[in-house]
**Q** 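Before anything else, here's the structure in question.
Residue numbers start from 1 in every chain, and the chains themselves are labelled A, B, ... in the order their sequence lines are given, proteins ahead of strands.
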Amino acid sequence: MTIQTDAPTRKRVKRWRQRNLGFFMVLPAALVLLAVGIFPLIYSIGISFLRWEAKIPGRPFVWFENYASILSNMEFWHSLKITAILVGIAVSIEFCIGLWLAVLVLNSGHAKRIFMPIFMLPVMMVPVVVGFTWRMLWDPLYGPINQILGWLVGHQVTISWLTNASTALPAILVTEVWQWTPFMFLVLLAGLSAVNPELQEAAAIDGASEWKTFWAVTLPVIRPVVLVAILFRVIDVIKIFDIVYVTTGGGPGYATQPVTYYLYRTGARFFRMGYTAAGSWVLLILVACLVAYLVHRVGED
Amino acid sequence: MPQKIIGRGSRRKTRVKKVINLTLLTGVAIFFMFPIFWITVIAFKQPEDYFKFPPVWFPDKPTLRHFINVQTTGVGGYTAFKNSLIINTASTIISMVLGSLAAYAMTRFKTGGKHFSFWIISQRMLPPIAILFPIFLLMRTLRWIDTYRCMVLVYVAFSLPFVIWMLRSYFLEVPKEIEESALIDGCSNLKVLFKIVLPMSMPGVIATAVLTYIFTWTEFLFALMLSRTNVFTVPVALSTYFGSEAQFWGEVGVLSVLSMAPVFVMGLAVQKHFARGLTLGAVKE
C-alpha cells in the first residue's frame, strides 16, 4: 500500500531528509576540525590567562599578566617586524618575477611545455630540504655562491652569508623567493591564459603599444587572480618557520627570527605556555585583521 | 588581413624577440634547477669532495655509501620514510573520504550555507603556531604524543579545508542532469556520490589527493612537536642533522633526493591542476 501525499508535503519531506543527510555527511569533517582546530584555540585563551611555566609550580590565574609582558617584550616586537619585512619584500619580489615569467612563458609557444615543469619543482619541495640546500649553497667555503661571485669579481670571496647580521635576512629572502616565486608564476599564468585574446587584439588595432595593452587591458582583467595569489602568499609567509629553522635558527642573535619562530622557542624550548598562548593570540588578532582586509578586497572583485 | 601588414622587418623583429625570450627563460630555469642539481650531486659525493675548497661541481669518484649511512647514522632515514608513508597515506585517504562526503553535502544540499564554507577555509588561514602548543598539551594529556593516530588526526584536520574546497569546486562542474535522473531512478544520494559524482570528477579527485599528499609530506612544525623516537617523519629526520654542523652533508643529500623524487613524479603527473590546487580552487585553468 502506498501512502498518497500531496506534492508540497512530499517536497518538504524530501528537503527535511536532505537536510538530515547533509548534516550527517558534514558531521565527521566538522568534528575533526572542531577537535583539532577550534577546541585548541579556545583552550589557548584559557592558557593565556595562567602563569604556566616549566620551573614554577602551580598554574595560578594571572589575568592579563602574560599579555602585558609579551606586549612589552622587545624581542616579540622585533620578531613581528622581521615577519612584516619578510612578507612585504618576499611577496612583492615573488609577484614581480612571477608575473614577468608568466608573460614570458605565455609568449614562448611550444617551449611552455618544457619550462612549466621546471618552474613547478621548487613548490613541491620540502621546505626543510630547501633550507638545507641553500645552506650548502651559501656556505662561505664549500658553497658555490661565493665561488661564482669570486669568478665574477676576480678574487676569492668568503662572505659568511648566514652568520652575518646584515646578510642573513637577505639570504633567507632569496631562499623563500626561490621556493615560492613559482607559486605566483603558476597562478598568474593560469589567470593570464584565461584572458580573452580578442581584448588584446582590439587594443592593438586601436594602436596601443604592447606595454600599454598589458597595463590597461590585461592586468585589470586578471585583478581577481592577482589578489587571490597575493592573499595566499601573505598568509603563507606569515607562517614561515621551516626555512629559518634549518638555515639560521633565527640568528645571529635574533636578527632573522620571525614571530612563529619566536613563539616556537618560548613554547618548545622554555616551556612558557601562558606567555606563548598570549603571544599566539596577539598574532592571531593581527593576522585576522590583515586577512579580513585582504579577503574584503578580493570579495570586491 | 593582419598578416599582410607585417612586413619582413617586423618578422625578423619577432624572431629576435623570441630568441631573447627563450634565452631569458633558460637563464631563469637554470636558477631554479641549480639548487636541485647541487643537493642531488652532494648525495653522491665523497665527504672529501663536498668539503673541498674551492667546491667541486662534478665528483670524480661518485659513491653510494650515504644511501647506507642515512639509516645507520642519525635517527634512521628509512624509518622516517616508512613513518611518512604510513602517516601520509592514512591521512590522505581519511581526509579524502570525509572531505568528499562534506563537499557533496555542501554543494548539493547547501548544508551549512556560505558561512560554514568560510569557517572551513578560515581554518587554513590561521597561523598553525596558534594551535601548536594547545594541541601538544592535549595530546600529552591523552598520552598520544609520538603515536601514529596523533599524527594522522592532526594531518587529517590540516588537509580537510583544502580537500573540501578543492572537491567543492570540482563537484560544482559535474552536470546536474545525470545525477537528477539517477535520483529519480531511485539511487540513494550516497550511491550518486560514489557512482556518478566522484567518477565524473576523477581527474580533479586524483589531483586533490596528490596535492594533499604533497602538502602533508612537506609539513614540518607539527611533526617536529608531536613526534619523538617512533613516528618522526622525513622533514624531522632531516632537521636532526641541523645541530651536527658539517659532518652529514651526504646523508642530508640522500634524504633530500629521496624525499623529492616521488613527489616530483606525482606532482608533474597532475601539473594541470596545480594553480587551482595552490589557491584552493579559486583560480581555474
**Q** Nearest heavy-atom pair of A:G22 and B:F109: which atoms, and what distance?
**A** CA-CD1, 3.5 Å
**Q** Under 4.5 Å heavy-atom distance to chain A, tell me which part of B:L126 shows up: side chain, backbone, both or neither.
**A**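 Looking at B:L126, backbone and side chain both touch chain A.
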**Q** Could you check which of B:L224, B:L22, B:L153, B:I120 has the highest count of heavy-atom pairs closer than 4.5 Å to chain A?
**A** B:L224
**Q** Checking A:F232 against B:L278 for the side chain to side chain contact (heavy atoms under 4.5 Å, CB included) test, could you report, in this order, the C-alpha distance in whole Å, the side-chain angles of both residues, the deciding distance, and whether it holds?
**A** CA-CA 8 Å; A:F232 274 89; B:L278 293 170; over 6 Å; no
**Q** Provide the closest heavy-atom pair for B:P127 versus A:K239 in the form atom of the first, atom of the second, distance.
**A**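 In this case the closest contact between B:P127 and A:K239 is CA-CG, 4.3 Å.
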**Q** I need the minimum non-hydrogen distance between A:P144 and B:P55, along with the two atoms involved.
**A**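 Reported closest heavy-atom pair: N-CG, 4.2 Å.
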**Q** Quick one: which of B:V97, B:L137, B:V156 has the most heavy-atom pairs under 4.5 Å with chain A, could you say?
**A**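 That would be B:L137.
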**Q** Taking side chain as C-beta onward, heavy atoms only, is B:P35 less than 4.5 Å from A:V130?
**A** no
**Q** When only pairs under 4.5 Å are counted, which of A:P28, A:A111, A:S193, A:G267 shares the most heavy-atom pairs with chain B?
**A**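 The answer is A:G267.
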**Q** Decide side chain to side chain contact (heavy atoms under 4.5 Å, CB included) for A:V126 and B:M260; before the verdict, give the C-alpha distance in whole Å, the side-chain angles of both, and the deciding distance to 0.1 Å.
**A** CA-CA 8 Å; A:V126 181; B:M260 285 187 293; over 6 Å; no
**Q** After noting the C-alpha distance and the side-chain angles of A:F132 and B:Y241, does the key distance pass the side chain to side chain contact (heavy atoms under 4.5 Å, CB included) rule?
**A** CA-CA 10 Å; A:F132 262 119; B:Y241 287 115; 4.2 Å; yes
**Q** Roughly how far, to the nearest 0.5 Å, is the CE atom of B:M125 from the CG atom of A:L231?
**A**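 One finds 5.0 Å between CG of A:L231 and CE of B:M125.
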**Q** What is the distance from atom CZ of B:F37 to atom OG1 of A:T133, rounded to the nearest 0.5 Å?
**A**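 Interatomic distance, B:F37 CZ to A:T133 OG1, rounded to 0.5 Å: 12.5 Å.
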**Q** Name the region of B:L25, side chain, backbone, both or neither, that has any atom closer than 4.5 Å to a heavy atom of chain A.
**A** both
**Q** Any chance you could measure A:L186, atom CG, to B:R276, atom CZ, to the nearest 0.5 Å?
**A** 15.0 Å
**Q** Name the member of A:V295, A:I118, A:L104 that forms the most heavy-atom pairs with chain B at distances under 4.5 Å.
**A**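 Result: the option with the highest number of such pairs is A:L104.
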**Q** Using non-hydrogen atoms and a limit below 4.5 Å, what part of residues 240-248 of chain A faces chain B?
**A** A:F241, A:D242, A:Y245, A:V246, A:T247
**Q** Checking A:A277 against chain B: side chain, backbone, both or neither under 4.5 Å from a heavy atom?
**A** neither
**Q** Among B:P128, B:A29, B:A103, which has the most heavy-atom pairs under 4.5 Å with chain A?
**A**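 The answer is B:A29.
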**Q** Without swapping roles, check the side chain of A:W178 against the backbone of B:F31 for a donor-acceptor pair under 3.5 Å.
**A** yes
**Q** Counting only heavy atoms closer than 4.5 Å, note whether B:V263 contacts chain A via side chain, backbone, both or neither.
**A**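 B:V263 touches chain A through backbone and side-chain heavy atoms alike.
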**Q** Rounded at 0.5 Å granularity, tell me how far CG in A:L27 sits from CG in B:L101.
**A** 11.0 Å
**Q** Quick check on the interface: out of B:I214, B:L221, B:V56, who has the most heavy-atom pairs with chain A under 4.5 Å?
**A**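 Most heavy-atom pairs within the cutoff with chain A belong to B:L221.
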**Q** Please determine, among B:G267, B:S95, B:A102, the option with the most heavy-atom pairs under 4.5 Å with chain A.
**A** B:A102
**Q** Is it the side chain or the backbone of B:L255 that comes within 4.5 Å of chain A heavy atoms, both, or neither?
**A**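 Neither part; nothing is under 4.5 Å.
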**Q** In terms of heavy-atom pairs under 4.5 Å, which option from A:V228, A:L141, A:T260, A:L101 contacts chain B the most?
**A**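 Result: the option with the highest number of such pairs is A:L141.
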**Q** Among A:A268, A:A288, A:A194, which residue has the highest count of heavy-atom pairs closer than 4.5 Å to chain B?
**A** A:A268
**Q** Between atom CE of A:M124 and atom OG of B:S259, what is the distance when rounded to the nearest 0.5 Å?
**A** 12.0 Å
**Q** Using side-chain heavy atoms (C-beta onward) and a distance below 4.5 Å, is A:W100 in contact with B:V28?
**A**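 Contact flag for A:W100/B:V28 side chains = yes.
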**Q** What option among B:L211, B:V154, B:L132, B:L24 has the most heavy-atom pairs under 4.5 Å with chain A?
**A**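 Top count of heavy-atom pairs under 4.5 Å with chain A: B:L24.
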**Q** Considering only heavy atoms, which portion of B:L238 lies under 4.5 Å from any heavy atom of chain A: side chain, backbone, both, or neither?
**A** both
**Q** Please look at B:W217 and chain A and tell me whether the side chain, the backbone, both or neither of the residue comes under 4.5 angstrom of a heavy atom of that chain.
**A** both
**Q** Of all residues at least two apart in sequence or in a different chain, which pass the side chain to side chain contact (heavy atoms under 4.5 Å, CB included) check with B:S122?
**A**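 Side chain to side chain contact (heavy atoms under 4.5 Å, CB included) list for B:S122, sorted by chain: B:W119.
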**Q** Need one label for B:K17: side chain, backbone, both or neither, based on atoms under 4.5 Å from any heavy atom in chain A.
**A**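 Only the side chain of B:K17 comes within 4.5 Å of chain A.
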**Q** Measuring heavy-atom distances to chain A, does B:I94 have an atom under 4.5 Å in its side chain, in its backbone, in both, or in neither?
**A**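 B:I94 has no heavy atom closer than 4.5 Å to chain A.
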**Q** Before you tell me yes or no, could you show the steps for A:M25 and B:T111 under side chain to side chain contact (heavy atoms under 4.5 Å, CB included), namely the whole-Å CA-CA distance, both residues' side-chain angles and the distance that decides it to 0.1 Å?
**A** CA-CA 9 Å; A:M25 286 174 89; B:T111 306; over 6 Å; no
**Q** State, yes or no, whether a side-chain contact exists between B:F264 and A:M125 at a heavy-atom distance under 4.5 Å.
**A**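 In short, these two side chains touch, coming nearer than 4.5 Å.
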**Q** Please report the shortest heavy-atom distance between A:P122 and B:F32, naming the atom on each side.
**A**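 A:P122 and B:F32 have their closest heavy atoms at CG-CD2, 3.9 Å.
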**Q** Give me the atom names and distance for the closest heavy-atom approach of A:L263 to B:F133.
**A**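 Taking every non-hydrogen atom into account, O-CE1, 3.6 Å.
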**Q** Hey, can you tell me if B:F136 and A:F271 have their rings parallel, tilted or perpendicular (30° and 60° cut-offs)?
**A**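 Perpendicular, since the angle between the ring planes exceeds 60°.
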**Q** Tell me, for B:T26 versus chain A, whether the close heavy atoms (under 4.5 Å) come from the side chain, the backbone, both or neither.
**A** both
**Q** More than 12 foreign heavy atoms under 6.0 Å from CH2 of A:W16: is that the case here?
**A**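 Not buried by this count: 12 neighbours or fewer within 6.0 Å.
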**Q** Does B:K110 NZ have over 12 foreign heavy atoms under 6.0 Å away?
**A**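 Yes, enclosed.
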**Q** Side chain, backbone, both or neither: which part of A:N146 has a heavy atom under 4.5 Å from chain B?
**A** neither
**Q** Under 4.5 Å between any side-chain heavy atoms of A:T276 and B:I129, yes or no?
**A**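 No, side chains not in contact.
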**Q** In residues 35-44 of chain A, what donor-acceptor pairs under 3.5 Å come from side-chain atoms, sequence neighbours left out?
**A**
from: A:S44; atom 1: OG; to: A:L41; atom 2: O; distance (Å): 3.1
from: A:S44; atom 1: OG; to: A:W281; atom 2: NE1; distance (Å): 2.6

**Q** Counting heavy-atom pairs under 4.5 Å to chain B, which of A:E201, A:Q156, A:Q179 comes out on top?
**A**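 Heavy-atom pair counts peak at A:Q156.
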**Q** Using heavy-atom distances under 4.5 Å, tell me whether B:F116 contacts chain A through its side chain, its backbone, both, or neither.
**A** side chain
**Q** For the residue pair B:L98 and A:A29, what are the closest heavy atoms and their distance?
**A**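 Scanning both residues, the minimum pair turns out to be O-CB, 4.2 Å.
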**Q** Taking only residues two or more places apart in sequence or in another chain, which ones pass side-chain hydrogen bond (donor to acceptor under 3.5 Å, both in side chains) with B:Y104?
**A**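 Listed in chain order: B:N189.
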**Q** Sort out for me which of A:F185, A:F23, A:F24, A:W134 touches chain B most, counting heavy-atom pairs under 4.5 Å.
**A** A:W134
**Q** Measure the CG-CD1 distance between A:L121 and B:I36 for me, rounded to the nearest 0.5 Å.
**A**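 Rounded to the nearest 0.5 Å, the CG-CD1 separation comes to 4.5 Å.
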